[in-house]
Amino acid sequence: MPELPEVETTRRGIEPHVAGARILRVAVREARLRWPVPPEVNRAAGQLVRRVARRAKYLLLELESGCLIVHLGMSGSLRLVAADAPPGKHDHVDLVLEGGSSLRLTDPRRFGCLLWSDDGHHPLLEKLGPEPLEADFSAGYLHARSRGRRVAVKHFLMDGQVVVGVGNIYANEALFLAGIAPTRPAGRVSLARYTALAEAVRTVLARAIEAGGTTLRDFVGGDGKPGYFAQELRVYGRTGQPCPRCGTAVRGGQLGQRSAFWCPQCQR
DNA sequence: ACTGGCTCCTGAGGGC
DNA sequence: TGCCCTCAGGAGCCAG
(Lines give C-alpha, C1' and ligand atoms only; values in the text may rest on other atoms or scores of the structure.)
Protein backbone atom coordinates (compact mmCIF):
# COMPACT_ATOMS: atom_id res chain seq x y z
CA MET A 1 0.00 0.00 0.00
CA PRO A 2 1.37 3.38 -0.89
CA GLU A 3 2.83 5.13 2.07
CA LEU A 4 4.82 8.32 1.83
CA PRO A 5 7.92 6.70 0.33
CA GLU A 6 5.80 5.07 -2.36
CA VAL A 7 4.06 8.33 -3.12
CA GLU A 8 7.36 10.16 -3.34
CA THR A 9 8.73 7.39 -5.54
CA THR A 10 5.72 7.82 -7.79
CA ARG A 11 6.21 11.57 -7.90
CA ARG A 12 9.85 11.22 -8.89
CA GLY A 13 8.92 8.62 -11.45
CA ILE A 14 6.28 10.63 -13.26
CA GLU A 15 7.53 14.18 -12.92
CA PRO A 16 10.14 14.01 -15.71
CA HIS A 17 7.48 12.80 -18.12
CA VAL A 18 4.61 14.94 -16.93
CA ALA A 19 6.09 18.30 -16.05
CA GLY A 20 5.90 20.47 -19.15
CA ALA A 21 3.44 18.15 -20.84
CA ARG A 22 0.03 19.24 -21.97
CA ILE A 23 -3.11 17.47 -20.85
CA LEU A 24 -5.43 17.03 -23.81
CA ARG A 25 -8.35 15.64 -21.88
CA VAL A 26 -9.34 13.84 -18.72
CA ALA A 27 -11.04 10.49 -19.29
CA VAL A 28 -12.96 9.41 -16.22
CA ARG A 29 -14.26 5.86 -16.56
CA GLU A 30 -15.14 5.38 -12.90
CA ALA A 31 -15.91 8.44 -10.81
CA ARG A 32 -16.75 6.56 -7.63
CA LEU A 33 -13.51 6.89 -5.70
CA ARG A 34 -13.20 7.88 -2.04
CA TRP A 35 -15.06 10.96 -3.08
CA PRO A 36 -16.73 11.28 -6.45
CA VAL A 37 -14.37 12.68 -9.05
CA PRO A 38 -15.79 16.18 -9.57
CA PRO A 39 -16.55 17.47 -13.06
CA GLU A 40 -14.14 20.34 -12.40
CA VAL A 41 -11.22 18.03 -13.19
CA ASN A 42 -12.06 18.70 -16.83
CA ARG A 43 -10.63 22.17 -16.33
CA ALA A 44 -7.27 20.43 -16.68
CA ALA A 45 -7.95 19.85 -20.36
CA GLY A 46 -5.70 21.90 -22.61
CA GLN A 47 -3.40 22.94 -19.80
CA LEU A 48 0.32 22.48 -19.27
CA VAL A 49 1.48 20.70 -16.16
CA ARG A 50 3.87 23.07 -14.42
CA ARG A 51 5.20 20.61 -11.86
CA VAL A 52 4.32 17.61 -9.78
CA ALA A 53 4.45 18.39 -6.08
CA ARG A 54 3.64 16.35 -3.05
CA ARG A 55 2.05 17.29 0.26
CA ALA A 56 1.70 14.42 2.70
CA LYS A 57 0.50 11.54 0.54
CA TYR A 58 -1.27 13.84 -1.86
CA LEU A 59 0.24 14.35 -5.28
CA LEU A 60 -0.39 17.79 -6.69
CA LEU A 61 -0.32 18.26 -10.43
CA GLU A 62 0.07 21.99 -10.66
CA LEU A 63 -1.28 23.36 -13.89
CA GLU A 64 -1.17 26.77 -15.49
CA SER A 65 -4.42 27.48 -13.70
CA GLY A 66 -5.58 25.19 -10.95
CA CYS A 67 -4.37 21.92 -9.59
CA LEU A 68 -5.27 18.25 -9.74
CA ILE A 69 -5.05 16.52 -6.37
CA VAL A 70 -4.43 12.79 -6.34
CA HIS A 71 -4.37 10.39 -3.41
CA LEU A 72 -3.49 6.76 -4.03
CA GLY A 73 -5.33 5.42 -1.02
CA MET A 74 -4.44 1.85 -0.26
CA SER A 75 -4.09 0.30 -3.63
CA GLY A 76 -3.66 3.12 -6.07
CA SER A 77 -0.96 3.68 -8.62
CA LEU A 78 -0.24 6.32 -11.21
CA ARG A 79 1.64 5.22 -14.27
CA LEU A 80 2.48 6.38 -17.72
CA VAL A 81 1.00 4.21 -20.40
CA ALA A 82 0.54 4.43 -24.12
CA ALA A 83 -2.65 6.36 -24.74
CA ASP A 84 -4.06 3.51 -26.76
CA ALA A 85 -3.32 0.86 -24.13
CA PRO A 86 -6.66 -0.74 -23.34
CA PRO A 87 -7.81 0.15 -19.84
CA GLY A 88 -8.12 -2.64 -17.31
CA LYS A 89 -10.90 -3.15 -14.85
CA HIS A 90 -9.47 -0.79 -12.25
CA ASP A 91 -8.00 1.86 -14.52
CA HIS A 92 -10.39 4.57 -13.47
CA VAL A 93 -8.94 7.74 -14.95
CA ASP A 94 -6.57 8.68 -17.75
CA LEU A 95 -4.97 12.06 -18.10
CA VAL A 96 -4.40 11.97 -21.83
CA LEU A 97 -1.22 13.82 -22.68
CA GLU A 98 -0.09 15.43 -25.85
CA GLY A 99 2.31 13.11 -27.63
CA GLY A 100 0.60 9.78 -27.27
CA SER A 101 0.85 8.82 -23.64
CA SER A 102 -1.51 8.91 -20.72
CA LEU A 103 -1.05 9.18 -17.01
CA ARG A 104 -3.28 6.40 -15.77
CA LEU A 105 -4.81 6.18 -12.31
CA THR A 106 -5.41 2.60 -11.24
CA ASP A 107 -6.99 1.80 -7.91
CA PRO A 108 -8.68 -1.54 -7.25
CA ARG A 109 -10.03 -0.61 -3.83
CA ARG A 110 -10.97 2.93 -4.75
CA PHE A 111 -9.75 4.41 -1.47
CA GLY A 112 -7.89 6.99 -3.46
CA CYS A 113 -9.23 10.21 -4.89
CA LEU A 114 -8.89 12.69 -7.71
CA LEU A 115 -9.96 16.19 -6.82
CA TRP A 116 -9.68 19.68 -8.18
CA SER A 117 -8.49 22.92 -6.70
CA ASP A 118 -8.62 26.31 -8.38
CA ASP A 119 -5.95 27.88 -6.22
CA GLY A 120 -3.88 25.04 -4.78
CA HIS A 121 -5.76 25.14 -1.51
CA HIS A 122 -8.14 22.45 -0.38
CA PRO A 123 -9.82 21.59 2.93
CA LEU A 124 -8.01 18.24 2.91
CA LEU A 125 -4.66 19.99 2.84
CA GLU A 126 -5.33 22.71 5.36
CA LYS A 127 -4.89 20.92 8.65
CA LEU A 128 -1.98 18.69 7.82
CA GLY A 129 1.01 18.46 10.14
CA PRO A 130 4.63 18.94 9.10
CA GLU A 131 6.44 16.78 6.60
CA PRO A 132 8.54 14.22 8.47
CA LEU A 133 11.62 14.90 6.37
CA GLU A 134 11.48 18.66 6.83
CA ALA A 135 13.08 20.67 9.59
CA ASP A 136 9.87 21.59 11.38
CA PHE A 137 9.39 17.96 12.33
CA SER A 138 11.47 17.63 15.45
CA ALA A 139 11.61 16.01 18.86
CA GLY A 140 10.67 19.29 20.47
CA TYR A 141 7.64 19.59 18.24
CA LEU A 142 6.48 16.04 18.99
CA HIS A 143 7.04 16.52 22.68
CA ALA A 144 5.10 19.76 22.77
CA ARG A 145 2.23 18.41 20.69
CA SER A 146 1.88 15.30 22.83
CA ARG A 147 1.64 16.87 26.27
CA GLY A 148 -1.56 15.79 27.92
CA ARG A 149 -2.40 13.34 25.16
CA ARG A 150 -3.40 9.90 26.32
CA VAL A 151 -3.63 8.23 22.94
CA ALA A 152 -1.15 5.49 22.21
CA VAL A 153 2.02 6.93 20.78
CA LYS A 154 1.59 4.78 17.67
CA HIS A 155 -1.81 6.30 17.00
CA PHE A 156 -0.39 9.75 17.70
CA LEU A 157 2.38 9.18 15.18
CA MET A 158 -0.10 8.13 12.52
CA ASP A 159 -2.26 11.21 12.99
CA GLY A 160 -1.87 13.37 9.89
CA GLN A 161 -2.47 16.50 11.93
CA VAL A 162 0.60 15.66 13.99
CA VAL A 163 2.90 14.55 11.21
CA VAL A 164 2.00 13.43 7.72
CA GLY A 165 2.98 10.35 5.85
CA VAL A 166 3.68 7.91 8.65
CA GLY A 167 1.50 4.93 7.91
CA ASN A 168 1.10 1.72 9.80
CA ILE A 169 4.18 -0.08 8.56
CA TYR A 170 6.55 2.78 9.23
CA ALA A 171 4.99 3.65 12.58
CA ASN A 172 5.67 0.12 13.77
CA GLU A 173 9.20 0.18 12.46
CA ALA A 174 10.06 3.62 13.82
CA LEU A 175 8.79 2.75 17.29
CA PHE A 176 10.92 -0.36 17.25
CA LEU A 177 14.02 1.61 16.28
CA ALA A 178 13.30 4.12 19.02
CA GLY A 179 12.63 1.44 21.63
CA ILE A 180 9.19 2.77 22.49
CA ALA A 181 6.20 0.51 23.13
CA PRO A 182 3.42 1.38 20.69
CA THR A 183 0.84 1.31 23.46
CA ARG A 184 2.54 3.95 25.58
CA PRO A 185 0.46 7.10 25.95
CA ALA A 186 1.92 9.83 23.76
CA GLY A 187 1.96 12.27 26.65
CA ARG A 188 4.12 9.90 28.68
CA VAL A 189 7.03 9.83 26.28
CA SER A 190 10.01 11.94 27.30
CA LEU A 191 11.74 14.51 25.14
CA ALA A 192 14.81 12.28 25.00
CA ARG A 193 12.75 9.42 23.65
CA TYR A 194 11.00 11.67 21.15
CA THR A 195 14.46 12.61 19.96
CA ALA A 196 15.07 8.97 19.20
CA LEU A 197 11.64 8.64 17.65
CA ALA A 198 11.95 11.65 15.35
CA GLU A 199 15.30 10.33 14.20
CA ALA A 200 13.84 6.86 13.70
CA VAL A 201 10.97 8.21 11.59
CA ARG A 202 13.40 10.08 9.37
CA THR A 203 15.68 7.07 9.08
CA VAL A 204 12.93 4.64 8.20
CA LEU A 205 11.29 6.90 5.65
CA ALA A 206 14.54 7.96 4.01
CA ARG A 207 15.65 4.34 3.76
CA ALA A 208 12.34 3.30 2.31
CA ILE A 209 12.48 6.06 -0.29
CA GLU A 210 15.97 4.89 -1.28
CA ALA A 211 14.64 1.38 -1.64
CA GLY A 212 11.80 2.63 -3.80
CA GLY A 213 9.17 2.05 -1.17
CA THR A 214 7.99 -1.06 0.51
CA THR A 215 5.59 -2.15 -2.15
CA LEU A 216 6.17 -0.22 -5.33
CA ARG A 217 8.89 -2.32 -6.88
CA ASP A 218 6.45 -5.16 -7.33
CA PHE A 219 3.46 -2.97 -7.96
CA VAL A 220 3.35 -3.93 -11.59
CA GLY A 221 2.39 -7.45 -10.64
CA GLY A 222 -0.51 -6.29 -8.56
CA ASP A 223 -1.31 -4.78 -5.24
CA GLY A 224 0.46 -5.14 -1.95
CA LYS A 225 3.35 -7.40 -2.77
CA PRO A 226 6.45 -6.60 -0.76
CA GLY A 227 9.21 -4.63 -2.46
CA TYR A 228 12.78 -4.11 -1.48
CA PHE A 229 12.15 -2.31 1.75
CA ALA A 230 10.07 -5.23 2.94
CA GLN A 231 13.32 -7.11 3.36
CA GLU A 232 14.38 -4.54 5.92
CA LEU A 233 11.28 -4.67 8.07
CA ARG A 234 12.29 -5.54 11.60
CA VAL A 235 8.98 -6.13 13.32
CA TYR A 236 6.14 -5.46 10.89
CA GLY A 237 4.38 -8.69 10.00
CA ARG A 238 6.86 -10.73 12.03
CA THR A 239 4.73 -11.99 14.89
CA GLY A 240 6.50 -14.78 16.74
CA GLN A 241 9.78 -14.33 14.93
CA PRO A 242 12.87 -13.33 16.89
CA CYS A 243 13.52 -9.66 17.51
CA PRO A 244 16.56 -8.73 15.40
CA ARG A 245 18.07 -6.98 18.39
CA CYS A 246 17.48 -9.32 21.33
CA GLY A 247 15.87 -12.47 19.99
CA THR A 248 12.64 -12.19 21.98
CA ALA A 249 9.58 -13.23 20.00
CA VAL A 250 7.97 -10.26 18.28
CA ARG A 251 4.45 -9.62 19.50
CA GLY A 252 1.59 -8.82 17.24
CA GLY A 253 -1.84 -7.52 18.10
CA GLN A 254 -4.53 -5.02 17.41
CA LEU A 255 -4.05 -1.51 18.66
CA GLY A 256 -7.07 0.53 17.87
CA GLN A 257 -8.19 -0.50 14.42
CA ARG A 258 -4.68 -1.28 13.26
CA SER A 259 -2.23 -4.12 13.57
CA ALA A 260 0.75 -3.47 15.78
CA PHE A 261 4.04 -5.32 16.03
CA TRP A 262 6.68 -4.80 18.68
CA CYS A 263 9.36 -6.39 20.79
CA PRO A 264 8.15 -6.60 24.39
CA GLN A 265 11.77 -6.66 25.56
CA CYS A 266 13.25 -3.77 23.57
CA GLN A 267 10.24 -1.48 23.51
CA ARG A 268 8.97 0.07 26.72
C1' DA B 1 -10.32 19.24 22.83
C1' DC B 2 -9.77 14.33 22.79
C1' DT B 3 -10.77 9.70 21.94
C1' DG B 4 -12.26 5.63 19.89
C1' DG B 5 -14.83 3.44 16.41
C1' DC B 6 -16.86 3.21 11.78
C1' DT B 7 -16.58 3.39 6.93
C1' DC B 8 -15.40 2.96 2.06
C1' DC B 9 -13.50 -1.50 -1.27
C1' DT B 10 -11.55 -5.72 -3.22
C1' DG B 11 -7.67 -9.03 -3.55
C1' DA B 12 -5.38 -12.37 -0.94
C1' DG B 13 -5.12 -16.17 1.87
C1' DG B 14 -6.86 -19.77 4.85
C1' DG B 15 -10.06 -23.52 5.77
C1' DC B 16 -12.65 -27.12 4.07
C1' DT C 1 -10.64 -26.82 -7.99
C1' DG C 2 -13.54 -23.83 -5.93
C1' DC C 3 -16.28 -21.62 -2.63
C1' DC C 4 -16.85 -18.93 1.46
C1' DC C 5 -15.13 -16.29 5.09
C1' DT C 6 -12.12 -12.97 7.15
C1' DC C 7 -8.81 -9.54 7.01
C1' DA C 8 -5.96 -5.54 5.80
C1' DG C 9 -5.45 -0.72 5.47
C1' DG C 10 -5.54 5.58 4.73
C1' DA C 11 -7.76 8.74 6.77
C1' DG C 12 -12.02 11.49 6.99
C1' DC C 13 -15.84 11.67 9.79
C1' DC C 14 -18.88 11.32 13.68
C1' DA C 15 -20.57 10.41 18.23
C1' DG C 16 -19.64 10.40 22.99
Side-chain angles (χ1 to χ4, degrees), chain A residues 1-10 29-38 54-59 69-78 88-93 105-115 122-132 142 144-174 182-189 201 205 208 213-216 218-227 229-230 233 235-240 252-261:
Chain A
M1 59 301 303
E3 298 214 41
L4 186 136
E6 286 84 346
V7 177
E8 178 61 20
T9 300
T10 296
R29 285 178 290 271
E30 174 57 86
R32 295 174 303 165
L33 304 185
R34 175 89 159 53
W35 295 283
V37 177
R54 178 185 60 76
R55 177 72 177 102
K57 295 179 189 171
Y58 295 94
L59 287 167
I69 301 171
V70 180
H71 196 293
L72 300 177
M74 282 263 328
S75 58
S77 62
L78 206 48
K89 184 180 174 185
H90 303 299
D91 295 339
H92 306 313
V93 180
L105 176 63
T106 305
D107 187 2
R109 297 188 188 174
R110 293 196 267 122
F111 278 19
C113 64
L114 173 64
L115 299 169
H122 193 281
L124 291 174
L125 305 176
E126 297 307 308
K127 286 192 277 185
L128 295 173
E131 293 284 332
L142 284 176
R145 278 297 297 264
S146 61
R147 292 310 87 184
R149 297 290 303 272
R150 282 170 299 179
V151 279
V153 62
K154 175 167 175 285
H155 196 83
F156 177 73
L157 197 56
M158 292 174 65
D159 181 347
Q161 296 190 29
V162 172
V163 56
V164 301
V166 184
N168 200 39
I169 294 176
Y170 301 118
N172 279 295
E173 292 297 301
T183 49
R184 175 173 285 271
R188 304 290 295 276
V189 174
V201 167
L205 291 178
T214 305
T215 56
L216 260 191
D218 286 343
F219 224 54
V220 176
D223 159 50
K225 291 185 182 173
F229 191 70
L233 296 177
V235 289
Y236 185 86
R238 301 178 62 88
T239 304
Q254 289 293 119
L255 181 53
Q257 273 26 69
R258 291 291 171 262
S259 56
F261 304 92

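Labels below follow one simple rule: chain letters A, B, ... track the order of the sequence lines, proteins then strands, and each chain is numbered from 1.
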Practice task
Decide if atom CZ of A:Arg32 counts as having more than 12 heavy atoms of other residues, nucleotides or ligands within a radius under 6.0 Å.
Solution key: no
Handout entry: Nucleotide nearest A:Lys57 (side chain, heavy atoms from C-beta), chosen from B:dC6, B:dG11, C:dG10
Key = C:dG10
Problem - Integer-rounded Å distance: B:dT3 C1' and A:Lys154 NZ - result: 16 Å
Practice task
Report which part of the nucleic acid A:Leu72 touches: base, sugar-phosphate, or nothing (heavy-atom distance under 4.0 Å, all strands).
Solution key: nothing
Handout entry: Distance, rounded to the nearest Å, where A:Met74 contributes CE and C:dG10 contributes P
Key = 6 Å
Practice task
Please say which of A:Thr239, A:Asn168, A:Asn172 ends up in a side chain to side chain donor-acceptor pair (under 3.5 Å) with A:Ser259.
Solution key: A:Asn168
Exercise for the section: Give a yes/no verdict on base stacking between C:dA11 and A:Phe111: centres under 5.5 Å, planes within less than 30° of parallel. Expected result: no
Practice task
Could you work out which one of C:dG12, B:dG5, B:dC8 sits closest to the side chain of A:Gln257?
Solution key: B:dG5
Exercise for the section: Look at the side-chain N and O atoms of A:His90 and state whether any lies under 4.0 Å from the OP1 or OP2 oxygen of B:dG11. Expected result: yes
Practice task
For A:Asp159 and B:dC2, give me the distance from atom CG to atom P, rounded to whole Å.
Solution key: 10 Å
Problem - Side-chain-base donor-acceptor pair under 3.5 Å for A:Arg258 and C:dG10 - result: yes
Handout entry: side-chain N/O A:His155 vs B:dG4 OP1/OP2, d < 4.0 Å
Key = no
Completion exercise
Checking B:dC6, B:dC9, C:dG10 against the side chain of A:Arg110 (C-beta onward), the nearest is B:dC9
Handout entry: Gap between atoms CG and P, on A:Asn168 and C:dC7 respectively (whole Å)
Key = 16 Å
Practice task
Give the rounded distance in Å between these two atoms: CD of A:Glu126 and P of C:dA11.
Solution key: 16 Å
Exercise for the section: For A:Arg54 and A:Thr10, indicate whether the former's side chain and the latter's backbone hold a donor-acceptor pair under 3.5 Å. Expected result: no
Exercise for the section: Could you tell me the separation between the CG atom of A:Leu233 and the P atom of C:dA8, rounded to a whole number of Å? Expected result: 16 Å
Exercise for the section: Could you check if a side-chain atom of A:Glu173 sits within less than 4.5 angstrom of a side-chain atom of A:Leu233, using non-hydrogen atoms only? Expected result: yes
Practice task
Would you indicate whether the side-chain heavy atoms of A:Asp159 and A:Val151 approach each other to under 4.5 Å?
Solution key: no
Fill in the blank from the handout: Atom CD of A:Gln161 and atom P of C:dG10 are separated, to the nearest Å, by 17 Å
Exercise for the section: May I ask you to evaluate whether A:Arg149 reaches the phosphate of B:dT3, defined as a side-chain N or O under 4.0 Å from OP1 or OP2? Expected result: yes
Exercise for the section: Could you tell me whether A:Arg29 atom CZ has more than 12 heavy atoms of other residues or ligands within 6.0 Å of it? Expected result: yes
Completion exercise
Considering only heavy side-chain atoms of A:Arg109, the closest of B:dC8, C:dA8, C:dA11 is C:dA8
Exercise for the section: Please determine if a side-chain N or O atom of A:Arg34 lies less than 4.0 Å away from the OP1 or OP2 oxygen of C:dA11. Expected result: no
Practice task
Please state whether the phosphate of C:dC7, meaning OP1 or OP2, lies under 4.0 angstrom from any side-chain nitrogen or oxygen of A:Gln254.
Solution key: no
Practice task
Mind calculating the distance between CG (A:Leu33) and P (B:dC8) to the nearest angstrom?
Solution key: 16 Å
Handout entry: Side-chain donor/acceptor of A:Glu131 to backbone N/O of A:Arg55, under 3.5 Å
Key = no
Problem - Close side-chain approach of A:Leu105 to A:Leu33, heavy-atom, < 4.5 Å - result: yes
Exercise for the section: Can you pull out how bent the helix from B:dC2-C:dG16 to B:dC16-C:dG2 is, comparing the axes over its first five and last five pairs, to 10°? Expected result: 50°
Practice task
Using a cut-off of strictly less than 4.0 Å, decide whether A:Tyr58 has a side-chain nitrogen or oxygen near OP1 or OP2 of C:dG12.
Solution key: yes
